[in-house]
Amino acid sequence: MRVAQSPSGSSTAICTRFWQRGVSSGSVPPDPSRGRLPSPPPRRPPPPRFLRSPAPRPSSAAHRLRVRLLERPQQPRQLPGEVLTGGPVGARGRDRGRSRRDRRRRQQQQQQSREAEAEETERGHGETVPPPEPPPGSLWGGGGREPPVFTMNFEGLDPSLAEYAPALHPALDPVLDPHLNPSLLQNVELDAEGVPLEGIAVPDSVHIVEGMYSELHTAVSEVGVPVSVSHFDLHEEMLWVGNHGGHATSFFGPTLERYSSFQVNSSDDIRQIQSLENGILFLTKTNLKYMSRGGLIIFDYLMDDSEDMHSLLLTDSSTLLVGGLQNHVVEIDLNTVQETQKYTVEVPGITIMRQSNRFFFCGHTSGKVSLRDLRTFVVEHEFDAYSGSLSDFDVHGNLLVTCGFSSRMNGLACDRFLKVYDLRMMRATTPLQVHIDPFFLRFIPTYTSRLAIISQTGQCQFCEPTGLANPADIFHVNTVGPLIMTFDVSASKQALAFGDSEGCVHLWADSPEVTFNAYSRETDFALPCMVDTLPHLDWNQDLVPLSLIPVPLTSETLLSDWPAANSAPAPRRAPPVDPEILRTMKKVGFIGYAPNPRTKLRNQIPYRLKEADNEFDSFNQVPESPIGREEEPHLYMVAKKYRKVTIKYSKLGLEDFDFKHYNKTLFAGLEPHIPNAYCNCMIQVLYFLEPVRCLVQNHLCQKEFCLGCELGLLFHMLDLSRGDPCQGSNFLRAFRTIPEASALGLILADSDEATGKVNLGRLIQSWNRFILTQLHQETQEQEGPQAYRGAGSSSFGSSRDSVIGQLFSCEMENCSMCRCGKETVRVSSTLLFTLSYPESTEKPVKDYEFAQILKRSICLEQNTQAWCENCEKYQPTVQTRNIRCLPDVLVINCEVNSSKEADFWKTQAEYAFQRAMMRRGGFEITKGKEISLGEWKELGNPDTGHSYPSVEELKNVWIPHAIKMSLTKNKELDVCNWSESDELSPSDDPDSVYVYDLMATVVHILDSRTGGSLVGHIKVGETYHQRKEGVTHQQWYLFNDFLIEPVDKCEAVQFDMSWKVPAILYYARRNLNAKYNLVIKNPIEASVLLAEASLARKQRKCHATFIPLMLSEMPQAGDLVGLDAEFVTLNEEEAELRSDGTKSTIKPSQMSVARITCVRGQGPNEGVPFIDDYISTQEQVVDYLTQYSGIKPGDLDAKISSKHLTTLKSTYLKLRFLIDVGVKFVGHGLQKDFRVINLMVPKDQVIDTVYLFHIPRKRMISLRFLAWYFLDLKIQGETHDSIEDARTALQLYRKYLELSQGGSEPDDFRKVLKALYEKGRKLDWKVPEPDSQSSPKRKAPREPPSPPGPLPAPPHPALSLADGAVFPPVLPL
C-alpha cells in the first residue's frame, strides 16, 4: 500500500508485506463446501490447507507475520514528456539497476526451490498428512469415498504460516515496530482503533498503458479480515466488497473513495453480492438481505438454520434463484419476498450458478457442471469436468470453460488444464493448458473472447479459449495478504477487482479514466456536516440551554410545531343510552330510574370512537343481504356503487345470495372470487365490442389452452344469461398457463389483490396490451391445420390478417436521426397507444386539450441513446413516430401511475371546467370559486334559450365523448375534440377522416379499506339491447363485477383523482359494425362426439367404460341424457369461526372437474354411457375427495393413469354441442356440476332430481337415500361412481313420472313426498344396513307397478364395462 505524496514532493510509503517462503503454488486443496478454498473464521486470514506440520510448533510470537514499515523515499516514474527532479540521475539509475538485479535473483531462487520440491515429491520423500474431517454432504464426505490424502514437502516451509496473523487494528503498539518513526503515519487517517479508513491510492505518476491491464488503486476494506466477495455495481460507478466478518463496504469510482460501510451479518461471511436498481442483495449462509446503498434494510429473508447457501442468480428483475449445499434450489419473488418454487437437485448441491439465453449452468462440488432448462430447471445435459472438485467456470457465447482440482496420488491437486466445452455440439473440445494454477476464471470479451485466469497466489494470465497460452501474458498482483480470495470483472470490461486475505482490494484497469459501466446513473452522496464540532451537551443538567446545538435556518414548518387544532383536548363522547332504558325511565328530580333490561354485562359498556366502525368491520361495502339496505351510509369518499363487492356465503353456498339486488338488468355480471378476476371489467369491455364478440365465438382451434377459444365460450355464456352472473374460471385457468402472462407479472397470488400490494391500474393496462396481442396471434392461426377437427373455416378474416389486426392495428413509421445526419426508418404496427405527458416544470401547468396530448402521444418524439451504423457507436438520437393509417378502435392506456400524472389530469379538468363555464355563462370562474345556486339557475333558465347540465356534471371532466382524427395528404395527423351530435361535413373524405365515439372507460378505484378495485363504464350498443330487452337504444352502464347499474354519460368521463383514476379508454369508430360481418356460425359440430384417443398411455390395457354414439343415436332436441360429474379440490376454503360458534365462509374452496359421465336416456341402449372422460389437470390438487368422487391419485396423470383421459376443453365442447342441440340433462345436484364445469344451461334443459323429490323449505335429500327408498338400490357404498349416479338419476326421473302422472288424485305425489320425509327423519337420513331393514318399495303394494320400459343395462355379453354391466359391441364412428 502506498500513501499520497507529501507537499514537499517526496512520498512516504507504508509497505505491508507478508512473506511466504517455501510454499509451492498449485498445492492448495479445495474447500468441499464451496468448490473453492474453505472459509476461515471471521477477522482472521485463511491459512493454506496443506500447512499442518506434525512437528512441534515454535513460539507463535517469534514467527508471527509482521507489518514492516519501510521508510524509503519512493521515486516517481518518468512519464513521456516529463523531467524528473529532486535527486541525482545517476543514483536513480543505480537504484533502478539494483532493483532489476534483485528481482532477477529472487526469480532464480524461487525457480530452483520449485524444482527441488518437485524432485523431492517424485522420489517419494514427502510426508502424508491426513486432512481435517470434512463436513457432512461435502465433496468427499459421503458416498463411501475414502478421504483424499495430501502429500507435501514441508522442509522449506515456515511453520509460522500455519497460524493466522493477528488482527492489526486492536492496538497499534503491539503490531508496529517501536523503533520506527511515527511520522510515517502522518498521511494515513486512522479511526479510534487505529484502522486506516480510506483507500491508499497508487501515486498519480504511475503510467497505465492503454489497452493493457495494470494496477490503478488499492484500498482497505477492513484490516486483517479476509475479503470473501467483490462485485461491481451494475447501475452506479461503485465497487462492493464483503468480508468474512459479515461486513460490506462500497467504494466509489476508480479512485476507490469509500462510499458506505455497514454490517450485514453479525457472524456469517458474505458469500455473494448482487446489485439491483434500488439496492444491493447480500447472501450469507442462512440469510438473504436486501439493503439500500446507504445501508438501510429493505427486507431480510431468513432461511432455515440447516441451509447452507452459497450462490444466487438473478433470472429477471423480480425473480431470484438461491442454491447451496442442500438438495434443493429456492426461487424467491423479490416483489412479495416469498418462496415461489423449490427445485430438487442432486446431493451435494450447487455452489456456482451462471445463466445464458439457453440454459442455467450449475457447478457442483463433485466436479460436474449441469445444464438446466430455463423454465423447469430440469437437467438437460451434464459435463463431468474434474475428478476432484470444481473451482470456477464461465460461459460466453457457445463456450463453457471450467477450472478445478483433480485427484492425484490419493490427494487433490490443482489441474492446469482448463476444460473447454462447445455448447452447440454438447461435447468437450481440446483442453487449454495454462502456466499457472487456475483458481478463478472469467471471460473478458472485448474485441476477442479473452479469458482471464487467476491463481490464488496472485498470478494472472490472459489467453484465448481456443488457442495456446503464452507465458509472456502472465502478470502478478502485488497482494498484501498471501492469497487472492475473490475476483470480479466490471460490466464495461475495463476494470478488474481482486480481494486478498488481509482485507485489501486491488483495482486494475486498462486506462486511467476507467468506467465500470457503459451507462451509469449519478450517485447520491450524503450531505456534508454543517458544523465541524458540536459542544458537549449534558442531558442530566436541566438548566443547560438546548440552543447550544445549532440548527439550520428554515422557512418551513418544523415537525414539532403542531397546529393548535391537533393539540386541543377532545374528550371521549358518552355512549348512547339504550332506548329501552329511556322508554321505561322515571325521573325524580334530575335523576332517572329504570329497570335493567339485561342486554349488557354488568359494568361493561362498549365504546365506539366512530359510529361507522361496526359497519365496515368485515369490509362489506355493499349490503350482502336485504338486511341493512335502508341504513344511511356514513360519509365516505368512494361512492357506494363503486366500492368493491363481495359475495356472502352461507351454508347453502350461493343459493340464498341475492344477486338481483346488485343487477336489475338482463346483462350478465362476472363473479370476483376466482384468482386473477381483476380483469373482469376488461372482459366486459371486449364483450360489448360487437366485432370482437362475433370473432371469438367463431374461433375454435386445437390448442388446449387458447384464450380466444375460452373467451368465445365465455361470451356464449354471457349471451345466454338473463341477468344471472357468470364466472370466467375456464378462461382464467387457461390464462394462468400462458408463460407470457407470468413473465409480464400478470398472474397474481391469492392475497395480492385483496391486500392492495399491486397497482391495479398499471396491472390492467399491461393486461390490456397482453390480451390484444394474444388474441391477434391466436386468431391469425385459426385457418388451416390449427382448426379444430370438424370445425369449418371462419367467416372472419384470413390467416394473414386477423380481425383483431383490422380493428386495433395501426401502422407506425419510426424514424431515428443521429446527430451525424444518418436517418433510419422502420415500419412497425401497434395495437394501442400510451399517453405521454409533457415534462413541464412550469407552474402553473399549461392548459392542454385532450386531443393535443393524444396527438403528442401518437406522434411521439423523444431523445435517446441508440446505435448508429455510421458512427459505429451509441449516439444521442432523435426518434420520431408517425402514423400511416387510422385504426377502427382506438385503445389508449392512460399511464396515470404517479401523483405527477394525477395532478396533471386534475389541473386540466379544472381548465376544462373554466372553459365550459366561459362558453355557457360568459364569465370566468377563478380557481376555488363556487357558483351560487341563483347564478346557476339564471344560467340554465329556459327563458334565456339555454338548457345546460348541472355544475356537478361538468366537474372533473377532461376527456371528450368524441374525437375527430384525420390524415392529410402528407400523412400528417390532425386530432381535435368533437361532439357526439356533430357529423362530418360533405367535404371530408370518410377514408381519411374518422370520428371516434367513446365506448368504454376502465378506472382504478382507490380504496384503502379494501385494497382498491377496477370497474368499467361501458356504452352498450343497440344490438345488445335488442337481443336482451327487445328495444333499440344506447345506454351507459357501470360494470363492477356482478354489480351492473345504468349511469349517466357524464359519469363515465368524470375522474375525481382522489379515488377514481382513469386507466384505459376505448374509442370506437362511428358506424363501426357496418364494416364487419357480424354473423356467428357455431364452430362446434357433431364430430366432437366421435371417438378420440386417450391421453393416458396405459388406457388400452383396460376395459372400455363407455361406447361412443352411433350415427343413428345422434342426440336430438328433447332427448334425455343422464349426467354426473366428480370433482377434486384445488384450494381449500377459507372460513372463520365467530365467537357465537357459527362459521362464516370468507372464500369457498376452488374445485376442478375431474370426471364427466353422460349416459343414454332412451333407445335400446338406455343407461349405457357414451361419455366417460377423466379430465387431465396441470394444477396442483390438494384433495382428491376419493370418498365422494371415486378419483384416486394417479387417475388424472397421463403417465400412470389407466382411465380414458382427455382435456377439459375436449369434454367441454361435447357438452356444449349437447346443449346447442337441445337435449335435456337429468342428474342430481346439476346446478353445482354446471357451475364448476363453467357451463350456462337453459333452465328448460335441466331436470334435477334433487328438486323433483323436494318439499319447499325442507332439506334436500341425497341420491343414495332416494335410490334406496324408491328403487331399492344400494349405491355409493365405499366411493361414488359417476356412471352409477347418472344411471340412478335417470331411473329416479322415470319413477317421478310414474308417481306424478300415474296417481289417481293430484295429492297422491305429495303424500308420497311426506312419507319420504317422515321415513328420512326416523332414520336420520341414513340408509340402513343390508339385513336390518328393507326399502319401503317392498312393503308398499299400493304403489302402481313400474311401466314396462328398457332396462338400465340390457344383457348382451360382448363388451365388459367397469361397473359390471355388459352391452352389445358397437363400432365407434
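One is the number of the first residue; the rest follow in order along the sequence.
Side-chain atoms of Thr365 and Ser389 form no donor-acceptor pair, as typed in the model, at a separation below 3.5 Å. A donor-acceptor contact closer than 3.5 angstrom is absent between the side chains of Gln272 and Ser311. Side chains of Glu237 and Ser520: a donor on one and an acceptor on the other come within 3.5 Å. For the residue pair Asp268 and Thr284, no side-chain donor N or O sits within less than 3.5 Å of a side-chain acceptor on the partner. Residues His364 and Ser370 have side chains that bring a donor and an acceptor to within less than 3.5 angstrom of each other. Asn517 and His235 share no side-chain donor-acceptor pair at under 3.5 Å. With 3.5 Å as the limit, one finds a donor-acceptor pair spanning the side chains of His435 and Gln461. When only modelled atom types and interatomic distance are considered, Asn398 and Asp422 share no side-chain donor-acceptor pair under 3.5 Å. If you check the side chains of His247 and Gln263, you find a donor sitting under 3.5 Å from an acceptor.
Taking the six-membered ring for Trp and the full ring otherwise, Phe443 and His396 have centroids separated by under 6.0 Å. Tyr874 has its ring centre less than 6.0 Å from the ring centre of Trp867. Taking the six-membered ring for Trp and the full ring otherwise, Phe462 and Phe475 have centroids separated by under 6.0 Å.
For the pair Asp510 and Lys493, the salt-bridge criterion is not met [side-chain N within less than 4.0 Å of a carboxylate O]. The residues Lys342 and Glu307 are annotated as not salt-bridged, no charged nitrogen and carboxylate oxygen being separated by less than 4.0 angstrom. Between Arg372 and Glu380 there is no salt bridge, since no side-chain N of the basic residue sits under 4.0 Å from a carboxylate O of the acidic one. No salt bridge links Asp308 with Lys285; every basic N to acidic carboxylate O contact stays at or beyond 4.0 Å.
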Evaluate salt bridge (charged side-chain N to carboxylate O under 4.0 Å, His left out) for Asp392 paired with Arg354, printing each intermediate quantity in order. CA-CA 11 Å; Asp392 200 0; Arg354 303 273 191 267; 3.2 Å; yes
Set out, in order, the CA-CA distance, both residues' side-chain angles and the distance that settles ring-ring contact (aromatic ring centres under 6.0 Å, His included) for Tyr259 and Phe525, then state yes or no. CA-CA 8 Å; Tyr259 178 77; Phe525 290 93; 5.6 Å; yes
For Ser406 and Asp415, what are the C-alpha separation, side-chain angles and deciding distance, and is it a side-chain hydrogen bond (donor to acceptor under 3.5 Å, both in side chains)? CA-CA 6 Å; Ser406 299; Asp415 198 326; 2.7 Å; yes
Give the intermediate values and the outcome of side-chain hydrogen bond (donor to acceptor under 3.5 Å, both in side chains) for residues Asp300 and Asn287. CA-CA 7 Å; Asp300 191 355; Asn287 176 245; 2.4 Å; yes
Check step by step if side-chain hydrogen bond (donor to acceptor under 3.5 Å, both in side chains) holds for Ser260 and Ser250. CA-CA 5 Å; Ser260 61; Ser250 60; 2.6 Å; yes
Walk me through it: do Phe439 and Phe487 pass the test ring-ring contact (aromatic ring centres under 6.0 Å, His included)? CA-CA 10 Å; Phe439 196 75; Phe487 169 62; over 10 Å; no
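The heavy-atom pair separating Ala491 from Leu234 by the smallest distance is CB-CD2, 4.2 Å.
Between atom NE2 of residue His244 and atom CD of residue Glu222 there is a gap of 12.0 Å, rounded to the nearest 0.5 Å. The CZ atom of Phe251 lies 5.0 Å from the CZ atom of Arg258; values are rounded to the nearest 0.5 Å. Once rounded to the nearest 0.5 Å, the distance linking OG1 of Thr315 with CG of Leu374 reads 9.0 Å. Within the model, atoms CG of Leu321 and CD1 of Ile332 stand 9.0 Å from one another, a figure rounded to the nearest 0.5 Å. Here the CG atom belonging to Leu325 is positioned 7.0 Å from the OG1 atom belonging to Thr351, to the nearest 0.5 angstrom. Here the CD atom belonging to Glu346 is positioned 10.0 Å from the CG atom belonging to Asn327, to the nearest 0.5 angstrom.
In this structure, Lys419 is positioned above the aromatic face of Tyr386, its NZ or CZ under 6.0 Å from the six-membered ring centre and within 45° of the axis.
Taking Ser292 as the reference, nothing meets the side chain to side chain donor-acceptor pair (under 3.5 Å) condition, with sequence neighbours excluded.
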